Amino acid sequence: QAEDGIRDKLVTRVQTCALPIFFGLGLVLMLYLFLTRLRDANTGLLAALMLALNLQMIGLNRMALTDSVLIFFTTLSLFAFWLGFQTTRERRPWLWICYAAMGIATLAKGPVGFLVPLIVIALYLSLTKQWRPFWQEGRPLAGTALTLLIALPWYAGMWWLHGSDYTDSAQANTVGRFLKPRSEEH
């Protein structure tokens, strides 16, 4: 009996931590590949080791949270934007990956999944004065449509099933958390 309980707890712990660990390791690998492509293998390896050994990343990936999924897909969207906007070959596939990753990040954690990359990209385009090339080659309207096509069905379905209970809960757990400091929650 006791062994079954221990085994069940272990299986449950492995199941709940598997997804964050998978995406945490994926983030480390993605960073390595991105920097190896932009710089060299040594830079990629050093950055990947720094990320993998970061105590906050280790702690985050041990918890059963969707934060590691959010971080993976927001990072993927930003890396894909960079590769799609800064390279002359293979431009379009990278930009589509950027928009798709924003949609998946939105599924993982709500509006922050597209807002974080959107704000970073908008700041970059503003500071470098590259809005015009982005509008010409970045396909932002079609990309927005792809992001919505990925994320909107889930939110529409949840609203259809649960109505205002879902929207109230979603608002409290996204915008509400942002606007309300932690000290006021207790």
Side-chain angles (χ1 to χ4, degrees), residues 23-61 65-152 155 170-171 173-182:
F23 282 101
L25 291 173
L27 181 64
V28 170
L29 178 61
M30 180 172 42
L31 178 64
Y32 169 77
L33 294 172
F34 179 74
L35 288 176
T36 297
R37 181 178 179 132
L38 287 183
R39 299 285 181 234
D40 57 63
N42 287 336
T43 304
L45 181 62
L46 181 61
L49 286 172
M50 290 171 65
L51 180 62
L53 298 174
N54 179 296
L55 291 178
Q56 189 169 4
M57 282 299 295
I58 292 169
L60 179 70
N61 290 317
L65 300 173
T66 56
D67 292 5
S68 61
V69 180
L70 171 72
I71 293 167
F72 178 87
F73 283 106
T74 54
T75 304
L76 176 60
S77 70
L78 292 170
F79 285 177
F81 167 78
W82 184 262
L83 292 172
F85 199 65
Q86 295 297 324
T87 59
T88 54
R89 296 180 324 133
E90 306 165 351
R91 175 171 289 188
R92 196 154 288 153
W94 284 114
L95 292 172
W96 290 119
I97 291 170
C98 169
Y99 297 125
M102 288 170 73
I104 297 168
T106 303
L107 287 175
K109 204 72 171 179
V112 71
F114 72 86
L115 286 174
V116 169
L118 181 66
I119 291 169
V120 171
I121 291 168
L123 284 171
Y124 171 78
L125 294 172
S126 296
L127 291 172
T128 60
K129 296 179 172 69
Q130 294 191 50
W131 277 104
R132 181 168 294 195
F134 177 70
W135 277 100
Q136 293 170 348
E137 300 173 27
R139 299 191 154 313
L141 297 178
T144 300
L146 177 61
T147 300
L148 291 173
L149 183 66
I150 291 169
L152 206 53
Y155 290 101
Q171 185 177 9
N173 287 309
T174 56
V175 178
R177 283 176 146 180
F178 178 74
L179 296 176
K180 187 176 182 182
R182 276 199 175 275

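No experiment lies behind these values; they were computed from the predicted model shown.
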Undergrad: What pairs with Trp135 under side-chain contact (heavy atoms from CB on, under 4.5 Å), at least two apart in sequence or on another chain?
TA: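 Trp135: side-chain contact (heavy atoms from CB on, under 4.5 Å) contacts with Trp131, Pro140, Leu141.
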Undergrad: Can you check side chain to side chain contact (heavy atoms under 4.5 Å, CB included) on Phe73 and Val69, steps first, answer last?
TA: CA-CA 6 Å; Phe73 283 106; Val69 180; 3.8 Å; yes
Undergrad: Would you mind writing out the side-chain donor-acceptor pairs for residues 26-39 within the sub-3.5 Å range, not counting sequence neighbours?
TA:
unit_1 : atom_1 : unit_2 : atom_2 : d
Thr36  : OG1    : Tyr32  : O      : 2.7
Arg37  : NH2    : Glu90  : OE1    : 2.9

Undergrad: Identify, with sequence neighbours excluded, every residue that meets ring pair (Phe, Tyr, Trp, His ring centres under 6.0 Å) alongside Phe72.
TA: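 Phe72 satisfies ring pair (Phe, Tyr, Trp, His ring centres under 6.0 Å) with Phe23 only.
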Undergrad: Might you point out which heavy atoms bring Thr74 and Ile71 nearest each other, and give the distance in Å?
TA: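 Answer, listing the atom of Thr74 first, then Ile71: OG1-O, 3.2 Å.
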Undergrad: Give me the atom names and distance for the closest heavy-atom approach of Ser68 to Gly24.
TA: CB-N, 4.5 Å
Undergrad: Donor-acceptor pairs are to be reported for all side-chain atoms of residues 44-59 against protein atoms at under 3.5 Å, with residues two or more places apart or in another chain.
TA:
unit_1 : atom_1 : unit_2 : atom_2 : d
Asn54  : OD1    : Gln56  : N      : 2.8
Asn54  : OD1    : Met57  : N      : 3.1

Undergrad: Let me have the donor-acceptor pairs involving side chains of residues 92-108, under 3.5 Å, with sequence neighbours excluded, atom names and distances please.
TA:
unit_1 : atom_1 : unit_2 : atom_2 : d
Tyr99  : OH     : Gly138 : O      : 2.6
Thr106 : OG1    : Met102 : O      : 2.8
Thr106 : OG1    : Phe114 : N      : 3.3

Undergrad: For Thr144, what residues pass the side-chain contact (heavy atoms from CB on, under 4.5 Å) criterion, not counting sequence neighbours?
TA: Leu148
Undergrad: Going by salt bridge (Lys or Arg N to Asp or Glu O under 4.0 Å), name the pairs with one or both residues in residues 118-133, residues two or more places apart or in two chains.
TA: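 For residues 118-133: none.
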Undergrad: Using side chain to side chain donor-acceptor pair (under 3.5 Å) as the criterion, list what pairs up with Thr43, not counting sequence neighbours.
TA: Asp40
Undergrad: Quick one: CG on Leu125 to CZ on Phe85, what's the gap to the nearest 0.5 Å?
TA: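 It comes to 5.5 Å.
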